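The structure appears below as structure tokens.
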Amino acid sequence: MSLRVLVLDTAADVARHVAGRFLHLLRRPCVLGLATGSTTLPIYARLVEAHRAGRASFRHMTTFNLDEYVGLVPGHPASFVRFMREALFDHVDIDPARVHLLDSAVPDPAAEAERYERAIRTAGGIDLQLLGIGANGHIGFNEPGSALSSRTRCVTLAPSTRDANRHFFDSEPVPRQALTMGIATILDAREIMLAATGPSKARAVACAVDGPITPECPASALQAHAAATIVCDREAVAGLDHPRSNGAPCATS
Ligand code: GLP
């Protein structure tokens, strides 16, 4: 297995590349796994731009979002459902019936997690899963220590993750729990693209690419996937052991 690392100059280049892959898949019905976070915003902005320019239709796209906080009132400004509406869904011709999000307001999160896994299977699995990365190496909300065999479930957020996401919450406390696709759920996707930009991600990217596959760095699990690419800007690869040239595939194991 090999983990491809694509190094581009800037965050804008990363967004252009990832959006380009999405636009390619959108030419036919597809199932896309979506992520939230600041890194994804310029990617979604490019997709909206393509739609407005008449270059993309989202009518036949089915989506599954990675995760959602537990305990927020429906429609909370920091919820991921709101994030997705504002970043993408409200601006394109997506079919609401094809949009899937984890509902963290349900009384039984375990049943909701099972429902989600079933819905992904019923849709035929995910063609391309988009990921960001936490500064601690998390993917989705799979924090360090998450089993590599984990599936969709309720998790407790690491204090550093709650700190990193505090700016989305004004003065309110950041939730302590979330529902997230598991690491094994993510690895079931036929293709994975992880976008990482900026110096705050350099350590996490180095652990994911150069380190061993370990629950301590959930993103390192991508090394075991047959078609995973980390798309980074130059700042995000500053911690890698070996310098890499643009687009060079890097065997990591
Ligand atoms: C949250 C999300 C992750 C995302 C991470 C990085 O924790 N659950 O899916 O990868 O944020 O976010 P950002 O791009 O804002 O650094």
Side-chain angles (χ1 to χ4, degrees), residues 10-12 14-15 17-19 32-46 63-72 76-84 86-88 100-102 104 113 116 126 128-146 150 152-169 173-183 185-187 189 192-209 217-222 228-233 235-239:
T10 66
V14 170
H17 180 86
V18 176
L32 300 178
L34 303 180
T36 54
S38 318
T39 312
T40 62
L41 284 171
I43 299 169
Y44 296 136
R46 290 220 148 242
T63 65
F64 287 90
N65 260 83
L66 272 174
D67 46 16
E68 181 60 284
Y69 292 108
V70 168
L72 296 183
H76 188 286
S79 65
F80 290 159
V81 57
R82 180 84 172 262
F83 178 101
M84 288 311 304
E86 289 175 1
L88 182 68
H100 300 269
L101 290 138
L102 281 155
S104 58
Y116 211 62
I126 292 173
L128 170 64
Q129 176 66 55
L130 172 63
L131 297 176
I133 187 168
N136 64 1
H138 77 219
I139 48 175
F141 270 137
N142 294 284
E143 301 285 23
S146 298
S150 56
T152 305
R153 69 206 184 288
C154 188
V155 295
T156 297
L157 300 177
S160 64
T161 296
R162 295 177 65 231
D163 276 347
N165 290 351
R166 204 170 295 282
H167 64 283
F168 288 114
F169 283 86
V174 181
R176 292 178 182 279
Q177 290 192 309
L179 280 170
T180 183
M181 280 187 202
I183 295 177
T185 316
I186 291 169
L187 292 184
I192 298 175
M193 254 188 189
L194 185 152
T197 58
S200 67
K201 301 300 170 69
R203 231 185 76 212
V205 168
C207 291
V209 174
C217 177
S220 67
L222 300 195
T229 307
I230 300 195
V231 189
C232 309
D233 67 2
E235 292 182 323
V237 289

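Not measured: the values here are computed from a predicted model. In listed order, ligands and their atoms are each counted from 1.
In this structure, the ring of Y69 has its center less than 6.0 angstrom from the ring center of F169.
When the options T180, N65, L179 are evaluated for a side chain to side chain contact (heavy atoms under 4.5 Å, CB included) with Y116, the one that passes is N65.
Using modelled atom types, one finds no donor on one side chain facing an acceptor on the other under 3.5 Å when comparing H100 with T63.
Numbered from 1 in the order shown, with element, the atoms of ligand 1 that lie under 4.0 Å from a heavy atom of T36 read 4 (C). Close approach of ligand 1 to T39 is summarised as follows: ligand atoms under 4.0 Å from at least one heavy atom of the residue are 13 (P), 14 (O), 16 (O). For ligand 1, the atoms closer than 4.0 angstrom to any heavy atom of N165 are 1 (C), 7 (O). The contact set between ligand 1 and G132, taken as ligand atoms under 4.0 Å from a residue heavy atom, comprises 10 (O).
The protein heavy-atom contact nearest to atom 15 (O) of ligand 1 is S38 N, 2.8 Å. Closest protein heavy atom to atom 3 (C) of ligand 1: G140 O, 3.5 Å. Scanning the protein for heavy atoms near atom 12 (O) of ligand 1, the closest one is G37 CA, 3.8 Å. For atom 8 (N) of ligand 1, the closest non-hydrogen atom on the protein side is D67 OD2, 2.7 Å. The single protein non-hydrogen atom nearest to atom 16 (O) of ligand 1 is K201 NZ, 2.6 Å, given as residue, atom name and distance.
By the neighbour-count criterion of 12 heavy atoms within 6.0 Å, atom CZ of R203 is sparsely surrounded, having that number or fewer from other residues, nucleotides or ligands. Remark: R176 CZ is loosely packed, at most 12 non-hydrogen atoms of other residues, nucleotides or ligands lying under 6.0 Å away.
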Show your reasoning for whether side chain to side chain donor-acceptor pair (under 3.5 Å) applies to E235 and T197.
CA-CA 7 Å; E235 292 182 323; T197 58; over 6 Å; no
Go through the steps to decide whether V18 and L130 satisfy the test side chain to side chain contact (heavy atoms under 4.5 Å, CB included), and finish with yes or no.
CA-CA 8 Å; V18 176; L130 172 63; 3.8 Å; yes
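Residue H138 has at least one nitrogen or oxygen atom sitting less than 3.5 Å from a nitrogen or oxygen atom of ligand 1, judged on distance alone. The shortest N or O to N or O distance between T40 and ligand 1 is not under 3.5 Å. For ligand 1, one of its N or O atoms has an N or O atom of I133 under 3.5 Å away.
Not a single heavy atom of A35 sits closer than 4.0 Å to an atom of ligand 1.
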